[in-house]
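One structure below.
Quick note: residue numbers are just sequence positions, from 1. Side-chain atoms are counted along with the backbone in the values below, which use heavy atoms only and exclude waters and symmetry mates.
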Amino acid sequence: MIRIVIAEDQGMLLGALRSLLSMEDDMEVVGLAKNGEEALALVGEHQPDICIMDIEMPVKTGLDAAEELHCIGSDCKVIILTTFARPGYFERARKSSVRGYLLKDSPIEELVTAIRTIMDGKRIYAPELVDFVYEDDSENPLTDRESQVLTLVAEGKTTKEIAAELFLSAGTVRNYISTILEKLNVGNRIEAIARFKEKGWNK
């Protein structure tokens, strides 16, 4: 039997996934979690073969939980099941050795097939995501200092506050921000923050 833990904060979807996977003769759902922290506890308790995780969950995200499992060398194979086809999320998942990254609008048959394929030692990624690996803009174009400045902007700090924290002049900070907007090809700070986070460059 393939032993499975499911982590999903939407109760109806969590129940549906359990019911559908439990109908498979070779699969057993041994634990249900509503956030990444609960998922880690259940993986530790039940030692499942597979953990299916959403990304955006309270307390601890699915990607955070996947990174922790990777760091401790867990044998549990992680499948990300999400609505978000974002390159930043996908890159984080790949670096955490996630075995599968599927989208929620896929039919249940694809998830079932993916589970069996992953148990055979292969990886399964949604076709929409594979192109992200080859995108020219997948690497962060910002320098460490520029990333640092934008991170502080995202925290809501003013130019004056950023200058004081980084021991720079306000003019230098404004120059950094102008360069950041140009490199990210955006029109304002809000768009820059959004792109920075979407790409996962803030991690």
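- Counted within 6.0 Å of CD1 on I190, heavy atoms from surrounding residues, nucleotides or ligands total 12 or fewer; the atom is thus considered open.
- Proximity of a side-chain donor or acceptor of E110 to a complementary backbone N or O of P107 within less than 3.5 Å is not detected.
- Panel note: side chain S178, backbone R174; a donor-acceptor pair is recorded below 3.5 Å.
- Pairing each heavy atom of L184 with each of P141, the nearest pair is CD2-CG, 3.8 Å.
- In M12, the CE atom is not crowded: 12 or fewer heavy atoms of neighbouring residues, nucleotides or ligands sit closer than 6.0 Å.
- Hydrophobic cluster membership differs between I124 and V5, with clusters built from Ile, Leu, Val, Met, Phe, Trp and Tyr side chains linked at under 4.5 angstrom.
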Exercise for the section: In sequence, state the C-alpha distance, the side-chain angles, and the governing distance for E91 and R94, and then conclude on salt bridge (charged side-chain N to carboxylate O under 4.0 Å, His left out). Expected result: CA-CA 5 Å; E91 186 61 22; R94 289 176 62 239; 2.9 Å; yes
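- A donor-acceptor pair shorter than 3.5 Å can be found between the side chains of T61 and D64.
- Note on R3 versus D26: no salt bridge recorded, every NZ/NE/NH1/NH2 to OD/OE distance being 4.0 Å or above.
- Residue D25 places its CG atom among 12 or fewer non-hydrogen atoms of other residues, nucleotides or ligands, all under 6.0 Å distant.
- Looking only at distances, a side-chain donor or acceptor of E161 sits under 3.5 Å from a matching main-chain atom of T158.
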Exercise for the section: Begin from the C-alpha positions of I4 and C51 and carry the test side-chain contact (heavy atoms from CB on, under 4.5 Å) through to its verdict. Expected result: CA-CA 6 Å; I4 301 169; C51 182; over 6 Å; no
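- Contact annotation: the side chain of I55 never approaches that of L81 to less than 4.5 Å [non-hydrogen atoms, C-beta and beyond].
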Practice task
Show your reasoning for whether side chain to side chain donor-acceptor pair (under 3.5 Å) applies to T172 and S169.
Solution key: CA-CA 5 Å; T172 299; S169 70; 2.8 Å; yes
Practice task
Could you go through the side-chain contact (heavy atoms from CB on, under 4.5 Å) check for L166 and R145 one step at a time?
Solution key: CA-CA 9 Å; L166 300 181; R145 176 63 92 181; 3.5 Å; yes
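- Residues I52 and L111 form a side-chain contact, since some pair of their non-hydrogen atoms from C-beta on lies under 4.5 Å apart.
- In this structure, the side chain of E38 engages the main chain of K34 through a donor-acceptor pair within 3.5 Å.
- Annotation: side chain of L42 is in contact with side chain of E45 (closest heavy-atom distance under 4.5 Å).
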Handout entry: V43 vs L69, side-chain contact (heavy atoms from CB on, under 4.5 Å): CA-CA, chis, key distance, verdict
Key = CA-CA 9 Å; V43 168; L69 290 174; 3.9 Å; yes
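- The backbone N or O of Q10 lies less than 3.5 Å from a partner atom in the side chain of E8, making a donor-acceptor pair.
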Handout entry: Criterion side-chain contact (heavy atoms from CB on, under 4.5 Å) on V153 and L150, from CA distance to verdict
Key = CA-CA 5 Å; V153 171; L150 188 53; 4.3 Å; yes
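- Counted within 6.0 Å of CD on E37, heavy atoms from surrounding residues, nucleotides or ligands total 12 or fewer; the atom is thus considered open.
- Cluster membership for M27 and L13, using ILVMFWY side-chain heavy atoms within less than 4.5 angstrom, is shared.
- Tracing side-chain contacts under 4.5 Å through hydrophobic residues (I, L, V, M, F, W, Y), one never reaches M53 starting from I50; they form parts of separate clusters.
- The local environment of NZ in K95 is sparse, with at most 12 non-hydrogen atoms from other residues, nucleotides or ligands closer than 6.0 Å.
- By the rule that hydrophobic residues join a cluster once side-chain heavy atoms approach within less than 4.5 Å of another member, I6 and I108 end up as members of one cluster.
- Criterion: ILVMFWY side-chain heavy atoms under 4.5 Å apart, direct or through other members. Under it, V78 and L17 are not part of a common hydrophobic cluster.
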Practice task
Apply salt bridge (charged side-chain N to carboxylate O under 4.0 Å, His left out) to E24 and R116, showing your working.
Solution key: CA-CA 11 Å; E24 302 297 320; R116 295 189 179 117; 2.8 Å; yes
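- Here the two rings, on Y101 and Y89, have centers that are 6.0 Å apart or farther.
- The local environment of NZ in K122 is sparse, with at most 12 non-hydrogen atoms from other residues, nucleotides or ligands closer than 6.0 Å.
- With a 6.0 Å radius and a threshold of 12 heavy atoms from other residues, nucleotides or ligands, D144 has its CG atom at or below the threshold.
- A distance-only check finds a donor-acceptor pair linking the side chain of N140 to the backbone of L142 [under 3.5 Å].
- Checking each of L102, V98, L103 against I80 for a side chain to side chain contact (heavy atoms under 4.5 Å, CB included) leaves exactly one that passes, namely V98.
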